[in-house]
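Accompanying notes for the structure given below.
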Amino acid sequence: MWFFAYFCKNYQMVINNVQSLSFSDRNTRCAIRPRWIAIGAVAYVAACAVMLAVMPNRMYWEGLAALLAMGAVAAGVYSRMSWRSAGGWAVLGVAATAAATLISVNWYYFANVGGTGLDNPGLLYDPARSWRGAIYMAGYHDVEPVDDMFLGHISVVWACIKLFGRSVIAPMAVNGTAILLGGIFTGSLAARLIPSRQGAAYAGMWGMIMIFAVAAFLYMSALMTKDALLCCAVPAFARAMVDIRRPKWLAVAVVAIVTVIWLRTSMASMMLLGVILMTPCLNWRRDSVAIAVVVATIIAMYVLERSLAMGIAVQDMGQANIGLMADNHKGSNQDVWLSVINRDGGLHIWQQLIVFPAGILVQFLIPFPWDLSAGGHFMGYAATYYRFAFPWYIIGGLILYYIAKGWRRSTKPLKFLYLWAAICWLAPAYMLGGTVSRYGTPFAPILVLGAVYVVLNLRHEKSLRRWMWIFCVLMAAGLTACYLIMKNYAQNI
């Protein structure tokens with residue numbers, strides 16, 4: 001079978017790359033032995049096989065092949081990283097197994113509960129639009145075409161269907177691969193930008209730990225939306241901008257820009273802002289050609305998208321407001337928040353500025369870690385894990401401490417990348433009142449670098465311990481208040 005031949009070839013490449021790493025490198029903390037990689041690979045294969053057997057569907061072997069390919073691609077990319085370590089391999093293995101579990105659970109739900117099979121899944125909202133549009137484009141006219149054809153993600157699903165057949169297996173496996181690669185790019189950013197006495201490999205490992213601990217990030221692997229691909233492309237673009245003069249990173253930047261703007265055109269201005277903010281860190285004489293290529297790619301992709309009428313234009317998103325966008329993003333969190341601010345229509349700019357701080361808090365807190373059954377009709381059984389937000393709350397406390405104490409001490413590239421990510425994360429909180437937190441998730445890989453910096457360089461400061469105690473008390477009070485508000489205003493709690 002073609003897949004098993006590919007898997008064996010990729011596994012041999014991983015072993016060769018592992019053997020090429022000096023076992024005496026003290027920065028890796030402990031030696032990477034090929035037999036550990038082999039044991040981990042066998043454990044991953046066994047876990048995938050068992051999960052698909054426990055949660056059966058009619059496409060067992062196709063699903064198993066997709067999950068193994070997902071793990072093989074991630075392992076192959078990580079084995080090429082100079083900062084790889086035994087700890088990093090362990091983190092990647094755990095994350096890949098967790099992603100495979102979430103995907104398997106949702107496959108079972110979409111095939112057996114929400115639908116009649118993985119070729120006819122039960123999907124709603126954005127995943128349903130992508131699926132129906134792609135099916136119709138692929139020539140299956142047993143479904144009605146969607147009215148709002150956002151061709152960006154539809155084209156990705158369509159390509160998976162044309163290559164691998166009518167099934168949600170391939171699109172969701174692609175999303176799982178993208179999330180794992182997004183974690184690896186986050187580790188690469190940490191290894192490159194964050195100083196550590198234990199070495200770059202240790203910083204990279206902590207970067208992966210932090211981002212994979214964010215449930216909202218890892219869960220995107222199990223949801224058939226464009227967000228998973230964005231969660232890979234954004235940190236890839238950030239990593240490429242740090243070393244944009246190198247041809248391989250310039251190529252990564254171009255691919256990342258094409259992916260981001262193709263999937264969500266409203267982010268074209270964000271990508272351009274990223275280039276502008278990074279210019280103080282670049283050498284104009286040496287990097288002028290690379291910068292020109294990046295800017296030209298952004299402009300060309302935006303013009304192309306507008307000419308094809310795909311997605312939402314940047315100027316349209318700029319005119320968005322809480323009231324106008326509420327009809328497109330209905331849900332308990334949105335309805336409760338709109339009831340609290342008592343606004344059914346659009347808000348003026350000054351009103352949005354007043355509500356903005358509360359919108360930031362809402363975007364940070366949701367999804368709330370209660371009402372675990374909510375959203376199952378949309379996000380599948382694995383939505384329970386999506387609401388496990390406590391690690392993200394702790395990371396948020398570390399991020400705030402980094403902004404107050406660590407940002408000024410950071411290297412210049414990290415400072416400006418962090419400023420860019422913070423602005424882009426805050427934009428949905430302003431335009432949508434914080435009601436669609438997943439719009440900020442693609443920038444979480446850069447934001448968690450602040451938490452990594454604190455853990456590696458500021459963890460011994462007494463002020464950090466005091467701040468975290470205060471933060472935990474404030475979080476407990478805030479979550480309690482939110483629960484009481486939702487209990488009063490939401491009918492389903």
Taking S188 for its side chain and I184 for its backbone only, find out whether a donor-acceptor pair lies under 3.5 Å.
no
Once rounded to the nearest 0.5 Å, what's the spacing between atom CE of M241 and atom CG of L417?
8.0 Å
So how far is it from W158 CH2 to C160 SG, rounded to the nearest 0.5 Å?
10.5 Å
Please step through side chain to side chain contact (heavy atoms under 4.5 Å, CB included) for the pair R459 and V454, ending with a clear verdict.
CA-CA 6 Å; R459 65 182 182 274; V454 171; 5.7 Å; no
Whether S130 side chain and P127 backbone form a donor-acceptor pair below 3.5 Å
no
Salt-bridge contact K248-D243 (side-chain N to carboxylate O under 4.0 Å)
no
Under 3.5 Å: donor-acceptor pair, side chain of N106, backbone of A382
yes
Expected output: side-chain Y386 to main-chain L218 donor-acceptor under 3.5 Å
no
Would you call L414 and V242 a side-chain contact if the rule is heavy atoms closer than 4.5 Å?
no
Backbone of L432 reached by a side-chain donor or acceptor of Q363 within 3.5 Å
no
Hey, is the main chain of R129 close enough, under 3.5 Å, to the side chain of R132 for a donor-acceptor pair?
no
Can you confirm if the NZ or CZ of R84 lies within 45° of the ring axis of W89 and under 6.0 Å from the centre of its six-membered ring?
no
Distance-minimising heavy-atom pair for S437 and P367:
OG-CD, 4.3 Å
Please test M59 against S167 for side chain to side chain contact (heavy atoms under 4.5 Å, CB included), starting from the C-alpha separation and ending with a verdict.
CA-CA 9 Å; M59 297 182 175; S167 169; 3.6 Å; yes
Where do M55 and S104 come nearest, in terms of heavy atoms and distance?
CE-CB, 4.0 Å
Would you indicate whether the side-chain heavy atoms of D119 and R58 approach each other to under 4.5 Å?
yes
Y418 vs Y402 side-chain heavy atoms within contact, under 4.5 Å
yes
Locate the shortest heavy-atom distance separating M205 from W83; write the atom from each residue and the value.
N-CZ3, 4.4 Å
Is NZ or CZ of R166 both nearer than 6.0 Å to the six-membered ring centre of Y140 and within 45° of the ring axis?
yes
Quick one: does L223's side chain get under 4.5 Å of M172's, heavy atoms only?
no
Specify the closest pair of heavy atoms between I169 and A66, including all atoms of both residues, with the distance to one decimal.
CG2-CB, 3.4 Å
Aromatic rings W249 and F185: how do their planes relate, parallel, tilted or perpendicular, breaks at 30° and 60°?
perpendicular
Side chain to side chain contact (heavy atoms under 4.5 Å, CB included) between M475 and L365: does it pass, once the steps are laid out?
CA-CA 9 Å; M475 282 298 304; L365 291 177; 3.5 Å; yes
Is there a side chain to side chain contact (heavy atoms under 4.5 Å, CB included) between Y302 and I257? Walk through the geometry before answering.
CA-CA 10 Å; Y302 180 74; I257 291 169; over 6 Å; no
Give a yes or no on whether the backbone of A228 and the side-chain of N175 come within a donor-acceptor separation of less than 3.5 Å.
no
With rounding to the nearest 0.5 Å, note down the distance linking NZ in K226 to SG in C231.
13.0 Å
W425 vs W392 aromatic rings, parallel, tilted or perpendicular, using cut-offs 30° and 60°?
tilted
Has the side chain of N120 got a donor or acceptor atom that lies under 3.5 Å from a matching backbone atom of T116?
no
If you look at every heavy atom in A389 and P369, which pair is closest and at what distance?
N-CB, 4.5 Å
Taking the six-membered ring of F217, is the NZ or CZ of R438 close enough (under 6.0 Å from the centre) and on axis enough (within 45°)?
no
I want to know whether Y219 and Y385 have ring centres closer than 6.0 Å.
no
Where is the tightest heavy-atom contact between T435 and I366, given as atom of each residue plus distance?
O-CD1, 3.7 Å
Distance-only, no hydrogens or angles: does the S410 side chain make a donor-acceptor pair with backbone N or O of G406 under 3.5 Å?
yes
Please confirm whether the ring centroid of W420 lies under 6.0 Å from the ring centroid of F443.
yes
Can you find a heavy atom in the side chain of V157 that is under 4.5 Å from one in the side chain of P171?
yes
Rounded to the nearest 0.5 Å, what separation is found between the CE atom of M468 and the CG atom of L398?
4.5 Å
Does any non-hydrogen side-chain atom of V174 lie less than 4.5 Å from one of L229?
yes
Any chance you could measure F390, atom CZ, to I394, atom CD1, to the nearest 0.5 Å?
9.5 Å
Supply the atom-to-atom distance T186 OG1 to I209 CD1, rounded to the nearest 0.5 angstrom.
12.5 Å
So L52 and Y108, do their side chains get closer than 4.5 Å, heavy atoms only?
no
If you take the centroid of each ring, where Trp contributes its six-membered ring, are Y393 and F364 closer together than 6.0 Å?
yes
Are the side chains of I194 and N457 in touch, meaning some heavy atoms are under 4.5 Å apart?
yes
NZ/NE/NH1/NH2 to OD/OE distance under 4.0 Å, R264 and D227:
yes
